[in-house]
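Single-structure report; data block below.
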Amino acid sequence: MHRARTIFKTLTGPQGQKLGAWLLARKNGPSVLCVAPLREYTTPAASEPFLNGSSTSYVEDMYNAWLADPSSVHASWDSYFRNSQGGGGYQAPPSLGLPGRNEVAISSLLPSLSGGVSLGAPVSDKVIDDHLAVQAIIRSYQSRGHLVALLDPIGIMYTDRKTTISDRFGGPPDEIIRQHKLEETDMDRTFKLPSTTFIGGKDKALPLREILRRLELTYCRHIGVEFMFINSLEQCNWIRQRLETPGIMNPTNEQKRLILARLTRAAGFESFLARKWSSEKRFGLEGCEILIPAMKQVIDRSTEFGVESIVMGMPHRGRLNVLANVCRKPLSQIFTQFAGLEAADDGSGDVKYHLGTYIERLNRVTNKNIRLAVVANPSHLEAADPIVQGKTRAEQFYRGDGEGKKVMSILLHGDAAFAGQGIVYETMHLSDLPDYTTHGTVHIVVNNQIGFTTDPRHSRSSPYCTDVARVVNAPIFHVNSDDPESVMHVCNIAAEWRATFHKDVVIDLVCYRRNGHNEIDEPMFTQPLMYRKIKKTKPALEKYSEQLIAEGAVTPEEVKDVKDKYEKICEEALEKAREETHIKYKDWLDSPWSGFFEGKDPLKASPTGVIEDTLVHIGKRFSSPPPNAAEFVIHKGVERILKARMEMVENRMTDWALGEAMAFGSLLKEGIHVRLSGQDVERGTFSHRHHVLHHQNVDKATYRPLCNLYPDQAPYTVCNSSLSEFGVLGFELGFSMTNPNALVIWEAQFGDFNNTAQCIIDQFISSGQAKWVRQSGLVMLLPHALEGMGPEHSSARLERFLQMSSDDPDYFPPESDEFAVRQLHDINWIVANCTTPANLFHILRRQIALPFRKPLIIMTPKSLLRHPEARSSFDDMKEGTEFKRVIVDAGESAANPDGVKKLLFCSGKVYYDLKKARDERGLSKDISIARVEQISPFPYDLVKAECAKYPNAKIFWAQEEHKNQGAWTYVQPRFYTALTGSRDVNYIGRPTAASPATGSKAQHLKEVASLLDDATHL
Ligand SMILES: Cc1ncc(C[n+]2csc(CCOP(=O)(O)OP(=O)(O)O)c2C)c(N)n1
Ligand SMILES: [Mg+2]
């Protein structure tokens, strides 16, 4: 397209002007019918390229071809272009077939067009030019009509505009007409309609005045649609048809009454809360009450298309109203949130406008059952977007809903947040990826033209707050929220679009915010003019009631009746709420796991060891190319890797990749779905994993050994993600919320990249259970170690995860058989740094063996992936073995503990450095090294026992991270608690630093040497 446009630009008309202008410009002087400058609050929208697929491009194609070779086009075109250049006439080409739908042979129009010229007679340039101009104008309406549509119910977008649609008398404004000027005398001439418009209905030609009127009504009234950038002609026509077809937007009286009833409830809910709790923040919907009927319309329509479950994400604005009137959460439960009651269950809980919900109910309009979930969200706007998508994807996956016909997502946005938050873009980019798509999301923007106190001129550089959606070719429907019927119309189209094309679509509800940011805020401080207008604006409900009464669709009594009835419902619910003595966080759970906790001992984990046959079988399959596929050509390097794997299996050994594969494979065998997602995870950042083998000669021919272990195994998903952390980690967290019987893993390319997903870690993973009683067994694999590669990629910032661990550093829990599992039960997440493949195997399996779910953060190795000592025997993975929270020294030091002078505790890769240094210096009798594999929750019991074993040893914590980083600040007070302060525990390691590691290799080596000297110094 770009190339075509460039070539086109180089072509010129006879007088050297641009070809497009030459073909389309009117010869007579301009006749401006109205002036409508751009709206005040936006910068100009990107204009549509001239060549974007319309009938004019046919002429352009002909012209290009003719320029290159006059004989390549039909003789009539040849004649036309020749004559045009010479200023002569034009011979109409003969009709080659029956006209298509919405088309008429141009010859049939000739009498009316050119004053009675017979078929085949010469047609004047003017006729052709005028037709082309009209086509271009039609196209302009389709692509730029939204620029002049009346979208803003308070009119502040248009303060510079001199005329409005009503005084344009159907004449097109400058933004539309551009260079294609028309004269009043043309207005009553009849023009053939091109196949790219549906305004004619059954008519194939219309007088220009009528063409313009219909286009104005379609594109410049209360719906402004952006869709002409979509590359699919089919999709563009689909939208045109649903907007342009005459009479397509004529709701029945029954439909109108339904809209009114829903609008009444939406408004009634807010006014009820305002009256009962006037000083409480609720982030009300006043000014955009239409959101409720709009969402319900999308849901109704989607249910008609077969959707049974909808996962929703939304910000604060109107959230309670959505829970009450869209989800139909019992009003009494909502009202108890205002009563300041204590909670009956554990956790911190959250404020009412962040809580989630899950409801299963009958949709009364469609008579179909529907499941609605609103995902709990933090204050961080848009952060829940990827969570919603992950949860939706998971529901689709587990239901076998491969095309998203049963489960869909709806995301609500504020205008400022939609434009400002990068996570929106990251989430949008997941929308069409094979392992991440949810097959289309309906986005609804509550565009109240303000974000807190900032107006759009200062909060975005794009013309619309919705422009981010253009990157995924989503159609965008801007609609004036004070016109409920237009809103419902775009909702219908959006739902149908999603059901037809399974792609994202945006509804931009252009509205206003009647109050301040919240109900106790004063908006006049910062937006005095806007709020003066708002104060003068009648509420949408009042306007619509008046409209329907005037039309005779309802009586004033009916309007009052609906209002009174809802008021009564609210009063009754409030009475019920007053009887409650406690609130229950569980009432607000967005992802219930029915049956998962039932009948389980909450403190009993299943064993994680497996029989040796299983290890052998998985090991062999994992080390083999596709069976029965001799022609599958594998890369030589991969062949070597597979061979080495096979040898290890034959020797009953595993390296890191095998240990991981054994964990995945054995879970798959047990029916547990495993999903591994992240950047380049299929091969592995360090080329150690190779879960997808690629045929070297055939594109897209791949083989996934772990998908082919057992005929009845669970599915294994391994997927390279987009280059996003915030979006993808959020997505996987959402995925993990749907099914507790799945191991969902996100791996960072390097551990330090987790910080671009910090919001997901802080707001959801570390605190999600406490705030929203929602558990997740998500695993984060974070490559971490100082290996002389510089400040980047060295540290996954272990210290941050540990700092957020919720176990009390001063509390040594009672020792019992259940010590370890109780600690896991009570903490917010698990942080580990394993040093053996067997321990990795067990800790991954333990995620599923636990009777509850906790997020697991693992610092994973880089050089250890290939370290000859970082291997495990099958003996450490067999039945009867388990995860070792601490791996104690079983060497010479343990044989004579009283003689040990130094007891070193450490975690992770530094163990191998310490061990090597100690052994090289002949100190294995003097120094004992213990590895803390599970750092949090802290293994108080094992640490205490290990210290007790070496009564004469000085105790140290040795780490490779700098002193203000790594585990030191976490373990220090816990050692004190473990030993009740009876023995000192000192630090060995690098000093404090601002950066995680030095950029100089020489300095790195010096630091390592110094660390090892300190550690082995007696
Ligand atoms: C990531 C993030 N940054 C800042 C805020 C603080 N904040 C809360 S609401 C708000 C304005 C939101 O405006 P908009 O998205 O237009 O929604 P509205 O409140 O107008 O419905 C801001 C800045 C936040 N909640 N989240
Ligand atoms: Mg806003």
Side-chain angles (χ1 to χ4, degrees), residues 41-42 151-154 156-157 266 270 281-292 294-295 312-322 350-355 375-387 411-427 443-462 464-469 478-479 481 506-523 525-527 530-531 533-534 726-727 730 755-764 767 771:
Y41 276 2
T42 57
L151 301 175
D152 180 6
I154 52 172
I156 59 173
M157 276 177 167
E270 296 297 348
K281 282 192 209 170
R282 66 191 147 83
F283 297 102
L285 205 48
E286 291 97 331
C288 195
E289 292 93 336
I290 199 65
L291 174 70
I292 302 300
M295 290 178 75
M312 293 178 272
M314 69 172 299
H316 50 284
R317 179 84 46 223
R319 191 180 183 101
L320 297 177
N321 212 325
V322 169
D350 202 342
V351 290
K352 46 194 165 293
Y353 39 83
H354 289 162
L355 296 169
V375 170
N377 67 289
S379 174
H380 294 53
L381 293 166
E382 306 289 349
D385 295 2
I387 315 278
L411 284 178
L412 268 55
H413 314 269
D415 53 320
F418 199 44
Q421 291 291 308
I423 186 60
V424 175
Y425 183 86
E426 288 189 32
T427 309
H443 298 265
I444 307 178
V445 185
V446 173
N447 180 0
N448 51 22
Q449 310 181 67
I450 191 165
F452 210 148
T453 66
T454 305
D455 77 44
R457 286 172 299 193
H458 295 104
S459 70
R460 63 174 192 260
S461 295
S462 60
Y464 290 108
C465 62
T466 51
D467 283 334
V468 62
H478 309 283
V479 57
S481 66
V506 180
I507 300 167
D508 177 22
L509 297 174
V510 185
C511 57
Y512 57 91
R513 191 186 72 192
R514 185 164 290 281
N515 301 316
H517 176 58
N518 60 56
E519 292 62 34
I520 35 191
D521 244 3
E522 171 53 86
F525 286 155
T526 50
Q527 269 75 23
M530 181 181 189
Y531 272 79
K533 282 218 160 192
I534 290 174
F726 193 169
N755 59 14
T756 70
Q758 198 65 52
C759 176
I760 297 293
I761 296 163
D762 290 356
Q763 313 311 125
F764 293 88
S767 54
K771 293 194 288 193

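All values below come from the heavy atoms of this structure, side chains included, with hydrogens, waters and symmetry mates left out. Just so you know, ligand 1 is whichever comes first in the structure, and atom 1 is the first atom listed for that ligand.
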Residues with a heavy atom under 4.0 Å from ligand 1, by chain and number, are His316, Arg317, Ser379, His380, Leu381, Gly414, Asp415, Ala416, Ala417, Gln421, Asn448, Ile450, Gly451, Phe452, His517

Any donor-acceptor pair under 3.5 Å from Glu289 side chain to Gly287 backbone: yes

Partner of Phe452 under ring pair (Phe, Tyr, Trp, His ring centres under 6.0 Å), picked from His458, His316, His517, is His517

- [ ] Please examine the side chains of Ile387 and Phe764, heavy atoms only from C-beta on, and report whether any two atoms are closer than 4.5 Å.
- [x] yes

By ring pair (Phe, Tyr, Trp, His ring centres under 6.0 Å), Tyr531 pairs with (sequence neighbours left out) none

With rounding to 10 degrees, Asp415 OD1, the Mg ion (ligand 2) and Asn448 OD1 define an angle of 100°

- Query: Would you say the side chain of Arg319 lies within less than 4.5 Å of the side chain of Leu412, judging by non-hydrogen atoms?
  - Reply: no

Heavy-atom side-chain contact between Leu509 and Val479 under 4.5 Å:
yes

Find out whether Ile520 and Lys281 are in side-chain contact, i.e. whether some heavy atom of one side chain is under 4.5 Å from a heavy atom of the other.
-> yes

Does the shortest distance from the Mg ion (ligand 2) to an N/O/S atom of Ile450 fall below 2.8 Å? yes

